[in-house]
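Just so it is clear: chains get the letters A, B, ... in the order the sequence lines come, proteins before strands, and each one is counted from 1. Quick caveat: nothing in here was measured; it's all calculated off a predicted structure.
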2 protein chains.
Amino acid sequence: MTGVSEIKRSLLSVHQFSEEQLSLFTDRVIFNSLKKKDLLIKENQVSDGIAFILTGSFRVFKKSNNKELTIKFFVENNWMADLESLLTQQPSKNYIEAIEDSEIASITLRDIHMLMDSHPCFRMLNGLLSDLTIPTSYIATISSKNPDERYKELLLKHPQWVNRFPQMLIASYLGMTPETLSRVRARMK
Amino acid sequence: MTGVSEIKRSLLSVHQFSEEQLSLFTDRVIFNSLKKKDLLIKENQVSDGIAFILTGSFRVFKKSNNKELTIKFFVENNWMADLESLLTQQPSKNYIEAIEDSEIASITLRDIHMLMDSHPCFRMLNGLLSDLTIPTSYIATISSKNPDERYKELLLKHPQWVNRFPQMLIASYLGMTPETLSRVRARMK
DNA sequence: GTGATTTCTTGATTGTAATCAAGTGCGACA
DNA sequence: TGTCGCACTTGATTACAATCAAGAAATCAC
């Protein structure tokens, strides 16, 4: 009930770690609760590790002009981080916010490096990074499809998101106004 | 005149490698020439390493509908790769094309892993990855600024690109038609 | 160097999503 | 349970970049 087994299962999906190695890892994680709207990362803060979502959901967003632009969603049983800030160790230009009340387990970059130094197999954790990138498909969708196509694509790729997250956030993620999203949905019945 | 010293200089910018370590790395690189329009990576091909650009330039693009969408430019003295394909070892959804005749030096993922296993310091090469991501700022620009602002931003961030690359490609990168870019430029004099 | 092909410019028109606005509904919270 | 505030819907209008088109300029191939 602590979440340790979920973390281990996730690690096993990238590499056949031994039970001992898994424990080396989970011994270093720190558990946290966040309430809806709490921020995990604020702009100008340096990301110091990655977090596994045990329950709940998050979004990465950016302030541009003074609009919020939602770039990515994360839900339970996935790792999350601000990849840019993590890799460069420069201040983040993004925010990560809990959409729902959430439970997470974090590990610092320093601890990951220590694990990698002592056990080369932990190098395989780099495989986790791919889920943290912004996929080129997202750019393609945003910049070359119309609102109806964008929404249809989301329904195919992430049908659960549509009912789980407020439409404002979905609209923001799809690069359209809430009004437009509302009309897209009306059109589809 | 082989390019080895440029590679070493680039490696030193991420970590204080010894001369011996640098040579371990450069002993493994393979040199190649590409002509304008040659492809380094095609769609559906798995990326098997990273390449350092000695001379020339490249673009990452994607086919969507049947338009080409330019996502990133790379110029000499930088590393390039299709990060998604590299991290997931899944077929690429993108193309990498030489914009000019170019010289590159490549190293395979397998060789990088070997180096990391034998010398933990090579783990620092992960720092190179940050230049390969799609920055969130790009998304913000594309999806919340008008054509004039987008072009002005490019002039600030990458003034050299504007004269070096064909306007079609610049327009494609900025998410607008060549006609629109032409008008933006006319407007700015 | 000449012709051929592609890129760039400029103009006219259109389509589409943003904006502005008002009303409805629902959920959070006291 | 009631009410307050925020999210969502729907309508009318506007703004802006895409599209279509044609001509000029630049680049490429032979």
- request: Check every atom of C:dC8, D:dT10, C:dT10 against the side chain of A:Ser182 and return the nucleotide holding the closest atom.
  value: D:dT10
field: Donor on one side chain, acceptor on other, B:Glu103 and B:Ser33, under 3.5 Å
entry: yes
message: If I take atom CE in residue B:Met168 and atom P in nucleotide C:dC8, what distance separates them, rounded to the nearest angstrom?
response: 7 Å
- request: Using whole Å, report how far CD1 of A:Ile99 lies from P of D:dA7.
  value: 13 Å
Whole-Å distance separating the CD atom of B:Glu68 from the P atom of C:dT7: 10 Å
- request: Rounded to the nearest angstrom, tell me the gap between atom CG in B:Leu181 and atom P in C:dT10.
  value: 12 Å
- line: Closest of D:dA18, C:dA17, D:dC8 to the B:Thr177 side chain is D:dA18
message: Expressed as a whole number of angstroms, how long is the span from B:Leu169:CG to C:dC8:C1'?
response: 13 Å
- prompt: Is there a donor-acceptor contact under 3.5 Å from the side chain of B:Arg150 to the main chain of B:Lys145?
  reply: yes
- request: Output yes when at least one side-chain N/O atom of B:Thr180 is less than 4.0 Å from OP1 or OP2 of D:dA18, else no.
  value: yes
- request: Could you tell me the separation between the CZ atom of B:Phe165 and the P atom of D:dA26, rounded to a whole number of Å?
  value: 21 Å
task: Ignoring hydrogens and angles, state whether a donor on the side chain of A:Ser47 or A:Ser92 is under 3.5 Å from an acceptor on the partner side chain.
output: no
task: Rounded off to whole Å, could you give me the NZ-to-C1' distance for the B:Lys67 and D:dA17 pair?
output: 13 Å
- request: Just compare D:dA17, C:dT19, D:dC28 and give me whichever is closest to any side-chain atom of A:Glu179.
  value: C:dT19
- line: Rounded to whole Å, CE of B:Met176 lies from P of C:dC8 at a distance of 14 Å
- prompt: Within the modelled atom types, does a donor on one side and an acceptor on the other bring the side chain of B:Arg183 and the base of D:dT19 under 3.5 Å apart?
  reply: yes
- prompt: Centre of B:Tyr173's six-membered ring, under 6.0 Å away, within 45 degrees of the axis: is that where NZ or CZ of B:Lys72 sits?
  reply: no
- request: Output yes when A:Arg185 and A:Glu179 qualify as a salt bridge under the 4.0 Å nitrogen-oxygen rule, no when they do not.
  value: no
field: Options C:dT9, D:dT9, C:dT10, nucleotide nearest the side-chain atoms of B:Arg185
entry: C:dT9
message: If you assign B:Asn146 and B:Lys36 each to the DNA chain D nucleotide with the nearest heavy atom, which residue ends up on the more 5' nucleotide?
response: B:Asn146
